[in-house]
Each structure stands twice: as structure tokens, then as C-alpha cells.
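Take a look at the structure below.
Side-chain atoms are counted along with the backbone in the values below, which use heavy atoms only and exclude waters and symmetry mates.
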Amino acid sequence: MAASSPASRSVAPEALNALSAMEMARGISGGRFTAEAVMRACLERVAAREPEVKAWAALDAEKALAAARLADRTSARGLLHGVPFGVKDVIDTGELPTAMGSPLYEGYRPRVDAACVALARAAGALVLGKTITAEFAGSAPTHTHNPLALERTPGGSSSGSAAAVADLMVPVAYGTQTGGSILRPASFCGVIGFKPTFGTFNPVGVKPAAESFDTVGLIARTLDDIELFASVLSNDEAMHVVPETPPRVGIFRTHLWDTAQPETVEAIEVAAHTLGSAGATVIEIPVPAYFERMTAERAVINAYERAQSLAAEWQFGRDAFSPQMIATCEKGFAIGRHEYVEAQIHVAQYRRAVAGLFEQVDVLLTPCVPGEAPEGLAYAGDPRFQEIWTMLHLPSLTLPTHRGPNGLPVGIQLVAAHYCETLLLGAARWIGRRFGVG
């Protein structure tokens, strides 16, 4: 079943908070409305829905409105002038606390913004607030609810970012992905998640989780907004490409295909048929044998690096850790250097070998999640379909193309070769049009 846009739910289309970031920027620069009016509309949406959704870790409404009024009094500073955005709460902001989802950092105030926040501000964007994150961007569940089904998880660890964007509180929010922390919540909440090639967006000022994998990315409702923010963060004005020819698409089921639920199997099969019928070249890509080893080797690197990065917190504050983080750190501290290095050597080999998957295709069409968002808030969902590509440092994106048996979103995942973000975004635009999304 094709998915509908979150903007069609419960908010009139003329409401300013329901606009895309690009529409907001154009409306403000064109004098059709003010940055203050946009910010006020977003804050009103937050006030109405936050008691149920619980997407925000820190938000100062008066400070946000003051920043918007200042934007209205000054000339446009860049592509994002007057546009509000959300910031995952493992990313530093100088004007709001960065608690990292942990009581150990309650009230912690960095002196300056993270690089990705500073670049957006330099282009005129305005921080609306800090969005809820799982503890240290890990696997512990948060108290954020899925705005499409309040009894279900929004996914993690970028829980608040996905929920806030899906519920029309803000057009764009930052996430981070070490395993599947951008694409999984985006799929569960029916929005677009984008993780670029490792290192594309500067990570300075982001709390490290597993530094070999940590990647800053974006969650938005439109591809226009992904491209707009990506162009600012990467200093690349050529991010927006309208493809003139259909893409070459490789169906890649991965070694985890037997874990896909019927709705994900259907999403991939229907997408492949639809794209082939629309003129795309669609071929099946065999799964290389080394994929069978990747999940286990990634787990070694992830646990080792997470434990090392939290060494100080572990020494003075482990009593405040969640059971999930305690288990990860205990596993990580038990891993020897030799085992870690061996896993890193193998993963480096896989990153070189994976170029072969793209010899005949532009993008891979692959599962994003096992199925719809799980019921309850105790489990944020299986990250394995997303973490493969994070580990390989490849750019990936999820589009909300389908619905599951309960009417909830099931995204497909598109993956491109290293540093081929523009190709990925162009293919996503062509593919999204076939499903009325993007």
C-alpha cells in the first residue's frame, strides 16, 4: 500500500508549520510571511502535541521567537534564512543544554555549537530546540511516542527528531547514525531519512558513540529539504538534480532477508515491479558471501568503541547507565585489541569490495526495516538492515513508499556508492515520484 504524506494528517495545508523548509525559506524571503510567524506556528504545534508525542529534550520558546524576530529585522544571511530546525540532543548547541539522553549530563551547557549547527546558523537557520535521543545515541528506548500511533515506538536513537518532523512540529531535524538511528525512525514515522557517506557532514561537537561509524544526517518530509540542508552542510550547491533518465536499480535482499516481515517483502517486490514498469532498469544483485560475517564483526567494533568512548562516564557514573548501555560497555571492555583490529581489517576489505555491487547499477533497492514500528516503547526496533550500510560508509536514504497491515509506514532503503550523494538523491527523486512521495 502506498504511503501518504504526514502533512495530510490533522493540520490544514495552509498552516505555516506544515510547509517544507524550502517553502518557508521562499515565503520569508519573498515577504509572504515572517520568520516569527513560522516559528510561532511551529511552537503552537509543539504546545498542542508535545504532551502526547514527547519529542523535545530542551526548548526555549521565548528565545526561539526572539531569534525569529531578529531574523525578520536583518537581511537574508543564506539559503536557510528564518527556517527552524531541530537538533538531536547528542549534538552540541551553545544556547541550549545538551543532555545526551543521560542524567549524567542534565543541564550540561556547551560553550559553542557543533559544526553542523554552526553551518546551518550561518546560512540563516534557527534552532527550534533539542530533540530526544536515546542515551548516548545507543539502544535504550526513550519516552518519545510515534506520532502516527502513540502506542508504538518512533524508533531510535534519533527518536525525537523523527517524531517532531513527522508531526509537523519542525520541517527538518538533525540525527546521527551509528547503526540505524536515522533511517529506522524515519521509516517508522513515515518521513525521509538521509545518511550521507561517512564524514560528509562534519562531526565536531557530536558526542562520539562508535567513531568508526558515527555519521551526522538529516530527517525531513521532502527531498527538497534534504537537498537544501545537505547543500549547506557540504558546501555543494549541486545537490539538487532532477534526473532525465530512469535510474539503474539493483534489488539487494541482503543476508537478513529471512528476517523481513511480509510488509517489507511486499514493499521491495512492489517497488521493483513498479520501477521496472516505469522504465527503470531493475536487476537482482546476488549477496556476496562476506555479508554473512559483517553483522557479527560490526558488533565487535561497535561495542569496543562505545565502551572506550564512555570510559570516563563508566568510571564515575555507571550507576546512571541503562541496562542496555551497561551490557554494551561490559561487552566492549571485554574485547581485546587483537579481536577489534581483526574486525577492522575485515571491514576495511568489505568497504573496498562493495564497489563491485554498483558495477551495473546506480543504486541498490534494499530493505530498510523488518516491518512496521513495533508496539510499545520498550524496544526501538531492529537496526541490522540499516547498520550494514553505516558500517560500509555508504550513503543511504529511506523513502516512505508503503504501508503495512496496520496502515503504518514501511520505508524502502536506497543505497549508492561512496561519495555518490547526488546520484542517490536524484534516483530517490525519480523513484519517489512513482509513489507520490518525496
Side-chain angles (χ1 to χ4, degrees), residues 11 14-51 53-100 105-133 160-161 163-165 167-174 205-206 218-221 225 228-229 232-233:
V11 173
E14 64 272 12
L16 293 180
N17 60 291
L19 298 178
S20 69
M22 182 170 285
E23 290 169 333
M24 290 176 181
R26 288 174 175 172
I28 293 167
S29 65
R32 289 188 285 116
F33 43 78
T34 64
E36 181 181 1
V38 169
M39 185 66 76
R40 194 174 296 280
C42 290
L43 289 169
E44 288 173 355
R45 179 67 174 177
V46 171
R49 291 284 291 166
E50 180 63 5
V53 177
K54 299 180 173 63
W56 298 92
L59 191 152
D60 186 326
E62 288 306 314
K63 186 173 291 185
L65 285 170
R69 286 192 286 267
L70 178 61
D72 286 330
R73 295 196 301 269
T74 59
S75 57
R77 295 169 57 190
L79 293 174
L80 304 177
H81 187 79
V83 175
F85 68 110
V87 180
K88 182 178 179 178
D89 200 27
V90 291
I91 302 174
D92 285 349
T93 47
E95 295 183 356
L96 288 170
T98 301
M100 306 181 204
Y105 282 87
E106 184 176 357
Y108 170 64
R109 298 291 291 265
R111 295 191 64 181
V112 296
D113 293 333
C116 59
V117 176
L119 289 168
R121 284 189 192 268
L126 309 174
V127 173
L128 177 62
K130 304 298 289 292
T131 57
I132 292 287
T133 176
S161 288
V165 170
D167 205 51
L168 307 173
M169 297 175 180
V170 70
V172 177
Y174 287 167
V206 180
L218 299 163
I219 297 175
R221 296 189 295 270
D225 288 358
L228 182 64
F229 269 75
V232 167
L233 295 182

When rounded to the nearest 0.5 angstrom, what distance separates [atom1] in [X] from [atom2] in [Y]?
X: Leu79; Y: Met22; atom1: CG; atom2: CE; result: 8.5 Å
X: Arg26; Y: Leu228; atom1: CZ; atom2: CG; result: 9.0 Å
X: Asn17; Y: Arg40; atom1: CG; atom2: CZ; result: 13.5 Å
X: Cys42; Y: Leu65; atom1: SG; atom2: CG; result: 10.5 Å

Within a strict 4.5 Å, meaning less than it, do heavy atoms of the Glu50 and Leu59 side chains meet?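 Glu50 does not reach Leu59 side chain to side chain.
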
Least distance between heavy atoms, [X] atom then [Y] atom:
X: Leu233; Y: Ala120; answer: CD2-N, 4.5 Å
X: Pro51; Y: Ala47; answer: CD-O, 3.6 Å
X: Asp72; Y: Ala35; answer: OD1-N, 2.8 Å
X: Val170; Y: Pro84; answer: CG2-O, 3.6 Å
X: Gly86; Y: Thr131; answer: CA-CG2, 4.4 Å
X: Pro171; Y: Val165; answer: O-CG1, 3.7 Å

Between side-chain atoms of residues 89-98 and protein atoms elsewhere (two or more places apart, or another chain), which donor-acceptor pairs fall under 3.5 Å?
unit_1, atom_1, unit_2, atom_2, d
Asp89, OD1, Ala99, N, 3.4
Asp89, OD1, Lys130, NZ, 3.0
Asp89, OD2, Ala99, N, 3.1
Thr93, OG1, Leu96, O, 3.0
Thr93, OG1, Lys130, NZ, 3.0
Thr98, OG1, Thr93, N, 3.4
Thr98, OG1, Lys130, NZ, 2.8

For [X], enumerate each residue passing the side chain to side chain donor-acceptor pair (under 3.5 Å) test, keeping only those at least two apart in sequence or located in another chain.
X: Thr34; value: none
X: Thr133; value: none
X: Arg69; value: Glu36

Evaluate the side-chain contact (heavy atoms from CB on, under 4.5 Å) criterion for residues Arg121 and Val127: first the C-alpha distance (whole Å), next the side-chain angles of each, then the deciding distance (0.1 Å), finally the verdict. CA-CA 8 Å; Arg121 284 189 192 268; Val127 173; 3.6 Å; yes

Ring pair (Phe, Tyr, Trp, His ring centres under 6.0 Å) pairs, two or more places apart, involving residues 15-51: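 Qualifying pairs, neighbours excluded: none.
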
Any ring pair (Phe, Tyr, Trp, His ring centres under 6.0 Å) involving residues 65-95? Give me the pairs, sequence neighbours left out, ordered by first then second residue.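 Residue pairs passing ring pair (Phe, Tyr, Trp, His ring centres under 6.0 Å), neighbours aside: Phe85-Tyr174, Phe85-Phe229.
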
Distance-only, no hydrogens or angles: does the Arg45 side chain make a donor-acceptor pair with backbone N or O of Ala164 under 3.5 Å?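 Not at all, since once roles are kept as given, no pair shorter than 3.5 Å links the two residues.
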
Between Arg221 (side chain) and Leu19 (backbone), is there a donor-acceptor pair under 3.5 Å?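 At least one qualifying donor-acceptor pair exists.
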
Please lay out, stage by stage, how Leu128 and Leu43 fare under the test side-chain contact (heavy atoms from CB on, under 4.5 Å). CA-CA 8 Å; Leu128 177 62; Leu43 289 169; 3.5 Å; yes

